[in-house]
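Here the structure comes first, spelled out in structure tokens, and everything after it is commentary.
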Amino acid sequence: MSTSILLLTAGLAAALSVAGAFKAPRLWLSFVLVAAMASLAAAVGTLAGGGVWELQSGWTIGGERVHFRLDGLSAFFLALLAVIGGTGAVYSQEYWTDAAHPRSAGPGRAWWSAMLTSMGMVLLCANGLHFLIAWELFAVTAFFLITLERRWREVRDAGWLYLGASHAGSLCLFGFFAMLAVRTGSWDLGPMRDRPELAPLFWLALAGFGLKAGLFPLHIWLPSAHANAPSHVSAILSGVAIKMGVYGLVRFSGWLPVPEAGGWVVAVLGVVSAVLGVAFALGQHDLKRLLAYHSVENVGIILIGLGFAMIAAHHGHPAWGALALAGGLLHVWNHGLFKGLLFLGAGSVLHATGTREMSRLGGLWKAMPWTAGCFGLGAAAISALPPLNGFVSEWLVYLGLFDAVNAHDTVAWLAIPAIVLLAMTGALALACFVKVCGIVFLGVPRSRAAESAHECGWRMRGAMLLLSGLCVAIGLVPVVFWPAVQRAVVEWRAVEAGVEAPLMALAGCNVVFAVLAAGAGAALWWHVTRRGIRRAPTWDCGYAAPTARMQYTAGSFAGIITEWFAWILQPARHRRAPEGVFPALARQDEHTPETVLEKVVQPAGSVVMTLSTAVRRLQHGRIQSYIVYLLLGLLVLSVLVFAWASSGSR
Amino acid sequence: MSLFIDTVLRLAGWLLLAPLIPGVINKVKAWVAGRRGPPVFQLYYDLAKLWRKGVVLSHVVSPMHVAGVAVGWVALVGAAMLLPLGEGGLAFRGDAILFVYLLAVARFCTALAALDTGSAFEGMGAAREVSYAVLAEVAVITGLVALAVESGSLSLSTMLTPSPGAGVALLGAGLFIVLLAENCRVPFDDPNTHLELTMVHEVMVLDHSGPPLAAVLHGASLKLLIFSVLLAEAVLPLGAMPAWAAAAALAGAVLAIAIGVGLVESFLARFAFRRVPLLLTTAFLLCLFALLTAWKGSEFGVTESSVAERGAPAAEPFFGWRP
């Protein structure tokens with residue numbers, strides 16, 4: 001009952017917020033916050049209470065009765081949506097103001113409300129047709145949010161790419177839901193695990209939801225969309241929107257039977273996404289594009305968990321599957337939180353300096369200590385460093401994988417490479433975030449823009465601090481959040497698998513480590529400052545006048561690793577070597593293209609275009625030739641008909 | 001109360017014994033070269049001197065330059081405390097992964113503190129450190145999987161105590177290479193050189209001085225001791241021995257490893273950087289073969305016991321030969 005009231009409040013507040021979006025930003029913000037709080041409360045209530053809330057009304061939309069359902073799994077995603085949606089709204093009040101963006105600020109707020117509502121609808125709808133409608137609304141609202149600043153060509157291109165990829169995914173989902181409806185005789189969704197003939201439909205769902213989630217070969221839309229959207233939009237895109245794809249995969253792998261190979265494919269795609277996502281991230285020079293590739297990586301980690309859970313479902317639900325799924329699901333929350341935080345931090349840098357190019361930044365900690373601190377914390381969290389949240393979820397995934405190895409089953413042949421490559425991913429992510437933090441926030445400013453940077457105001461800061469706090473909280477007291485994860489895991493395939501993990505011991509270690517680290521840092525700082533600090537230039541091999549341009553660059557820092565991955569990154573190098581006795585200008589630069597897009601999708605697309613152009617020659621406006629076409633067509637048809645008739649009569 | 005005393009004793013043991021290892025290594029190198037060399041306790045004197053000294057900081061650096069050193073040091077101490085030493089101590093399922101990631105925390109802090117100075121040399125060192133660590137971490141985790149398969153557990157205290165299987169030589173060799181790489185010893189790095197372009201660890205700490213440098217040096221020696229103890233416990237069947245014999249064997253093994261490092265440094269030159277990944281990949285492959293050996297070994301065990309228990313043949317091996 002109370003869930004109904006809370007969700008109704010949320011829906012009403014979201015609808016009202018659209019009204020205030022254009023003229024009254026403060027009203028809009030308060031309505032969005034009310035909606036976020038109400039849906040968060042509904043989600044937390046469902047996760048804590050353990051029941052399933054259902055509403056089947058007499059109303060029909062498109063001839064189908066409205067059917068809403070909130071269970072442990074959808075509530076799990078709804079909670080994340082509420083937190084990031086509310087935080088992003090607060091952030092946008094200062095980041096995307098009417099003064100700075102008179103044309104797009106108002107529509108941006110309206111689309112924000114619309115996108116939150118449609119994502120909430122995706123989570124609530126338990127009817128295939130309505131799910132598709134909500135999904136399509138969500139895809140379209142996201143397009144308008146990505147292209148808020150559509151006077152720039154690259155923003156429009158990114159938007160089109162997103163829209164195209166998104167609709168390719170929607171097409172698969174249309175096929176999926178339509179065939180599901182045909183085979184079951186109803187658009188109603190719900191558990192139907194005892195119908196093995198539905199299993200092959202999973203492949204359509206994997207393509208459709210995988211495109212949205214940004215799985216490795218399907219991620220082509222993701223980097224440019226995340227990079228060119230306003231930063232609060234990037235935060236919700238990466239934090240929540242791609243999780244809708246994950247939600248679809250988790251939901252329908254739980255409700256429907258899945259083919260035996262499904263889990264293996266998902267897990268392998270997860271491993272590939274994790275390693276290659278971070279490898280591509282290392283090759284990027286654009287701060288937000290780099291973060292976008294890390295979304296590919298983290299979705300990979302989530303899907304490793306899901307994939308192993310699906311394999312476990314075919315092995316009689318051993319505990320390792322539940323552990324892996326728990327890790328994957330907790331990583332959904334964690335990635336939403338720290339990636340949201342990192343994008344908000346990147347937005348704050350962009351706001352202060354006007355550039356996303358890392359080679360033009362540097363030394364920002366002095367001007368923006370809050371942003372630097374929050375970004376650093378998010379970087380440590382995404383590198384899965386204890387005592388923060390990223391470590392807890394990866395640790396759970398590791399536990400599941402190690403137990404799968406010790407099950408001495410065929411699954412070990414996938415679990416062992418997965419463990420090794422997950423460790424590699426962790427170390428690569430660490431290298432990447434050392435690069436980002438070091439190049440952007442430490443050292444000396446590399447450009448005038450970076451020199452004149454300023455700290456953001458309290459609303460942007462507050463949003464980042466809230467997300468940082470949640471990252472720390474899940475790291476230090478994971479026990480508090482654990483029941484919610486267990487609830488979602490049990491809901492997945494309605495198996496009461498005991499998900500046991502020694503979280504108390506881990507939490508204890510994390511707390512002790514955090515306290516001691518803070519204490520030791522303070523103690524050393526006190527010991528150092530007590531005697532006074534002498535300042536001197538940085539030691540540069542005895543050279544006493546170092547300049548900002550002599551610092552190590554992002555490209556050189558990642559160079560060793562990108563060289564290992566050059567086979568897939570296919571970096572483009574431009575080099576002009578110094579020549580002659582008195583060399584003039586010499587330069588070298590290197591950038592990593594969107595390899596899958598530029599080397600696979602675009603060539604394939606141009607082949608299609610060439611073929612189409614060739615076919616178009618048939619249409620030239622000469623009526624005589626058209627008559628010949630007609631005659632030829634008739635002739636062919638009549639020959640066919642005669643041939644068919646004669647074969648039929650015989 | 002006994003838990004408290006136990007913890008304090010372990011902590012004191014780790015912290016006080018760690019600086020001895022570099023002293024032993026240097027002594028061995030001196031003997032091989034026919035010199036008398038610095039005293040074994042030289043690092044203790046250095047640390048005491050540095051702790052009392054003042055600090056020179058670059059104009060550029062943030063407070064993180066100092067605080068990060070402390071956090072990295074605490075992370076190393078935490079990793080050390082996770083390693084089992086006899087009965088008791090901190091142990092839970094999955095602490096092996098925490099161990100690996102605590103070492104990563106230390107790396108994160110050191111590399112960021114290096115980039116904090118804005119020096120090209122320290123950037124180079126940090127880049128090498130985080131890049132080679134990718135391969136080293138892969139090798140370590142493969143070794144841990146081998147131990148987990150061997151013991152059927154994921155807690156260091158049970159992973160490191162049973163008698164090792166047939167792959168022990170492979171695992172030992174792999175972990176020894178990782179030890180050399182992670183602690184920046186020859187042939188990966190030369191701790192003696194003062195040419196910034198050729199160093200990894202030393203070049204990252206060029207701008208540290210006074211107490212922070214003391215913490216860095218102590219942390220480095222602690223890391224060396226951690227890897228030595230890990231290697232010794234992974235190779236020796238300490239769980240099967242009485243306590244005094246285990247302690248003696250562990251001490252002897254750590255001493256032998258220190259001497260081994262010293263001998264390697266005396267007889268080998270530093271490799272060119274482009275050959276470093278090759279050597280680390282070798283370490284990974286050694287650990288991988290140790291894992292496969294452990295896998296085959298445990299498969300025999302599982303097959304026999306499960307046949308006895310369930311009366312049914314165990315699951316078919318995915319590929320390979322059967323007993």
Side-chain angles (χ1 to χ4, degrees), chain A residues 363 365 380 383-386 391 395 398-399 402 405-406 408-410 413 416 419-420 423-424 426-428 430-431 434 437-439 442-444 502 505-506 509 513 516-517 520-521 523-525 527-528 531-541 546 550-552 556-557 559-561 564, chain B residues 54-60 62-63 66-67 69-71 73-75 78 92-94 97-98 101-102 104-105 107-108 111-112 115-121 123-124 126-128 130-131 133-134 137-138 141-142 145 148-149 152 154 196 206-207 210-212 215 277 291 298-299 302 315 318:
Chain A
W365 69 270
S383 309
L385 296 181
F391 175 68
W395 179 77
Y398 271 118
L399 281 191
F402 269 93
V405 171
N406 273 336
H408 286 281
D409 213 331
T410 46
W413 294 100
I416 291 173
I419 291 172
V420 172
M424 190 177 189
L428 288 172
L430 186 143
V434 167
C437 292
I439 301 294
L442 302 177
V444 190
L506 182 74
C509 285
F513 174 54
L516 286 182
L524 188 61
W525 185 247
H527 183 71
V528 164
R531 294 148 183 272
I533 299 170
R534 204 151 64 77
R535 295 281 179 172
T538 295
W539 171 253
D540 257 344
C541 250
M550 291 180 191
Q551 296 177 92
Y552 222 45
S556 323
F557 190 87
I560 300 174
I561 298 176
W564 297 344
Chain B
V55 173
V56 184
L57 284 184
S58 162
H59 296 298
V60 179
S62 65
V66 172
V69 168
V71 175
W73 183 80
V74 172
F92 57 95
R93 205 161 81 82
I97 299 158
L98 181 61
Y101 278 81
L102 278 173
V105 172
R107 189 164 74 233
F108 187 78
L112 268 187
L115 284 177
D116 200 3
T117 59
S119 147
F121 297 113
M124 263 177 230
R128 289 168 190 158
V130 295
S131 307
V134 172
E137 194 166 304
V138 163
I141 207 98
T142 314
V145 181
V149 168
L154 194 49
E196 288 87 340
L206 277 177
D207 263 275
L291 165 62
S298 67
E299 207 164 61
V302 165
F318 198 64

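Residue numbering restarts at 1 for every chain, and letters A, B, ... go by the order of the sequence lines. These numbers come from a predicted model, not from an experiment.
When the candidates A:Gly426, A:Ala380, A:Ala427 are compared by the number of heavy-atom contacts under 4.5 Å with chain B, A:Ala427 comes out ahead. With respect to chain B, the highest number of heavy-atom pairs below 4.5 Å among A:Ile561, A:Leu385, A:Val420 belongs to A:Leu385. Note: B:Val134 leads B:Thr117, B:Leu102, B:Val134 in heavy-atom pairs under 4.5 Å with chain A. Annotation: maximal heavy-atom pairing with chain B below 4.5 Å, among A:Gly363, A:Ala384, A:Cys437, A:Ser556, occurs at A:Ala384. When each of A:Val405, A:Leu428, A:Leu430 is scored by its heavy-atom pairs under 4.5 Å with chain B, the top score falls to A:Leu430. In terms of heavy-atom pairs under 4.5 angstrom with chain A, the leader among B:Ala67, B:Ser131, B:Ala70 is B:Ser131. Between chain B and the options A:Ala520, A:Ala431, A:Pro386, A:Gly438, heavy-atom pairs under 4.5 Å are most frequent for A:Pro386. Interface remark: of the candidates B:Ala133, B:Ala75, B:Ala215, B:Gly54, B:Ala75 forms the most heavy-atom pairs closer than 4.5 Å to chain A. When B:Val149, B:Asp207, B:Val145, B:Val130 are compared by the number of non-hydrogen pairs under 4.5 Å with chain A, B:Asp207 comes out ahead.
Looking at A:Leu506, the atoms closer than 4.5 Å to chain B (heavy atoms on both sides) sit in the backbone and in the side chain alike. With a 4.5 angstrom heavy-atom cutoff, A:Ala523 does not touch chain B via any of its atoms. Contacts between B:Ile97 and chain A at a heavy-atom distance below 4.5 Å involve backbone atoms as well as side-chain atoms. At a 4.5 Å heavy-atom cutoff, the contact between B:Pro277 and chain A is made by side-chain atoms alone. Heavy-atom distances place both the backbone and the side chain of A:Met424 under 4.5 Å from chain B. Both the backbone and the side chain of B:Asp116 come within contact range of chain A, judged by heavy atoms closer than 4.5 Å. Heavy atoms of A:Trp365 lying under 4.5 Å from chain B belong exclusively to its side chain. Proximity to chain B (any heavy atom under 4.5 Å) is shown, for A:Arg534, by both the backbone and the side chain. Only the side chain of A:Phe391 comes within less than 4.5 Å of a heavy atom in chain B; its backbone stays farther off.
Separating the CG atom in A:Asn406 from the CZ atom in A:Phe402 is a distance of 9.0 Å, to the nearest 0.5 Å. Put simply, CZ on A:Arg535 and OG on B:Ser58 are 7.5 Å apart, with the number rounded to the nearest 0.5 Å. Distance check, rounded to the nearest 0.5 Å: CZ of B:Phe121 to OG1 of A:Thr538 gives 12.0 Å. A distance of 9.5 Å separates CD of A:Gln551 from CG of B:Leu115, quoted to the nearest 0.5 Å.
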Is there a side chain to side chain contact (heavy atoms under 4.5 Å, CB included) between A:Val434 and A:Phe557? Walk through the geometry before answering. CA-CA 9 Å; A:Val434 167; A:Phe557 190 87; 3.6 Å; yes
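The closest donor-acceptor contact from the side chain of B:Tyr101 to the backbone of A:Ser383 lies at 3.5 Å or more, if one exists at all.
The closest side-chain heavy-atom distance from A:Ile560 to B:Arg128 is below 4.5 Å. Between A:Pro502 and A:Leu399 there is a side-chain heavy-atom pair separated by less than 4.5 Å. Between B:Leu206 and B:Ser119 there is no side-chain heavy-atom pair separated by less than 4.5 Å.
Residues B:Ala104 and B:Glu137 share a closest heavy-atom pair of CB-OE1, 4.3 Å. Counting all heavy atoms, side chain and backbone alike, B:Met124 lies closest to A:Tyr552 at CG-OH, 3.2 Å.
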